[in-house]
Amino acid sequence: MPARNPPTGFSSPSHDEEREVLDGIDFLRLPRHVAIIMDGNGRWARARHLPRIAGHRAGIAAVRDVVETSARLGLEVLTLYAFSRENWRRPNAEVNALMRLLREYLENELETLHQKNIRFRPIGRVDELPPSVKRALHKAEARTAGNTGMEFLIALSYSGRTEIADAARQVAEDVVEGRIRLDEIDEGVVDARLYTAGCAEPDLLVRTSGELRVSNFLLWQIAYAELWVTQDLWPDFRRKQLYQAIVDYQARERRFGDIDSHTIAARTRSRRRTTKP
Ligand code: FPP
């Protein structure tokens with residue numbers, strides 16, 4: 001059964017426990033898109049009597065591990081929630097430090113992302129970011145634009161409600177300019193105007209640090225996503241937790257508003273019995 005196993009080139013994790021979780025993944029049924037709310041950097045730092053920014057810095061190791069692992073697993077899309085529009089309310093020093101970390105991450109990791117055939121794309125109100133960050137983002141996007149592997153979306157100055165409002169404005173403009181008719185507006189029309197246009201919608205939404213909220217993240221796109229929450233704080237999150245999230249996701253039954261699969265099977269059997277040849 002080769003398809004159930006990790007793809008070739010997958011480096012073996014050294015830790016036995018981690019290996020066991022990885023072996024539980026069915027590679028035929030991977031989620032296409034995993035979205036992650038990275039939370040708990042501040043608490044991680046506080047527990048160590050460190051400044052909050054130390055938590056954000058420690059979070060970068062988790063970002064690196066999760067991005068590279070997701071690409072090796074063969075996910076189509078990984079989206080990380082790095083900075084919300086609400087995060088602008090944080091003290092200037094913390095916002096500036098986060099922007100600096102983001103620039104550093106891109107400077108240090110761009111060639112690795114490119115070598116691993118990852119396509120990088122920022123989503124959100126990117127125009128609201130400082131010019132030096134925008135330059136780094138554009139450079140990374142342009143450098144990796146021709147890659148054909150995993151798409152790595154990073155949500156920056158992002159708000160799910162703003163995204164929907166921005167899409168609504170574009171739809172209205174298209175109607176006013178005569179590009180589409182009012183009666184043509186449907187879910188697909190809105191979907192094509194979201195920041196994530198062209199991506200599969202998330203199958204799995206992961207959140208760290210135990211909070212049971214979606215925090216204005218991908219509100220339209222997560223309509224049918226499975227939620228998976230861990231108590232681990234983001235700087236402690238590594239591939240093992242990602243494997244576990246995927247194993248648990250694969251154990252769930254996704255119904256998309258339909259009835260359960262056993263009832264569907266029984267309904268089909270009884271239809272076959274009552275249908276005359
Ligand atoms: C939430 O923790 C985390 C953030 C607001 C920022 C996430 C940023 C990083 C992981 C580092 C930079 C990212 C990249 C992609 C290079 P919090 O500060 O809200 O934690 P708390 O709830 O414990 O206070």
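All values reported here derive from a predicted model rather than from experimental measurement. No hydrogens, no waters, no symmetry mates; every other heavy atom, side chains included, goes into these values. Whatever order the structure lists ligands and atoms in, that order sets their numbers, starting from 1.
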(request) Ignoring hydrogens and angles, state whether a donor on the side chain of Arg85 or Thr162 is under 3.5 Å from an acceptor on the partner side chain. (result) yes
(request) Tell me yes or no: between the side chains of His33 and Asp203, is some donor less than 3.5 Å from an acceptor? (result) no
(message) At under 4.0 Å between heavy atoms, is it the side chain or the backbone of Leu80 that contacts ligand 1, or both, or neither?
(response) neither
(message) I want to know if ligand 1 touches Arg90 in the polar sense, i.e. an N/O pair below 3.5 angstrom.
(response) yes
(request) Inspect the contact between Arg52 and Glu94 and indicate whether a charged nitrogen and a carboxylate oxygen are less than 4.0 angstrom apart. (result) yes
(request) Looking only at distances, please establish whether an N/O atom of ligand 1 is found under 3.5 Å from an N/O atom of Arg43. (result) yes
(request) For the residue pair Leu73 and Ile246, establish whether any side-chain heavy-atom pair is separated by less than 4.5 Å. (result) yes
(message) Determine whether the aromatic ring centres of residues Tyr158 and Tyr81 are separated by less than 6.0 angstrom.
(response) yes
(request) Ignoring angles and geometry beyond distance, decide whether Asn41 reaches within less than 3.5 Å of ligand 1 through its nitrogen or oxygen atoms. (result) yes
(request) Please say whether Asp39 places an N or O atom under 3.5 Å from an N or O atom belonging to ligand 1. (result) yes
(request) Indicate yes or no: does an N/O atom of Arg52 lie under 3.5 Å from an N/O atom of ligand 1? (result) yes
(request) Please work out which of Ile37, Ile53, Val63 has its closest non-hydrogen atom nearest to atom 14 (C) of ligand 1. (result) Val63
(request) Could you walk me through whether Asp166 and Arg193 pass salt bridge (Lys or Arg N to Asp or Glu O under 4.0 Å), step by step? (result) CA-CA 8 Å; Asp166 285 348; Arg193 285 154 182 82; over 6 Å; no
(request) Could you walk me through whether Asp16 and Arg19 pass salt bridge (Lys or Arg N to Asp or Glu O under 4.0 Å), step by step? (result) CA-CA 5 Å; Asp16 284 353; Arg19 176 84 236 177; over 6 Å; no
(request) Could you see which bit of Ile154 sits under 4.0 Å from ligand 1, with heavy atoms only: side chain, backbone, both or neither? (result) side chain
(message) Gly42 versus ligand 1: do any nitrogen or oxygen atoms come within less than 3.5 Å of each other?
(response) yes
(request) Could you tell me whether Trp234 approaches ligand 1 through its side chain, its backbone, both or neither, with non-hydrogen atoms closer than 4.0 Å? (result) side chain
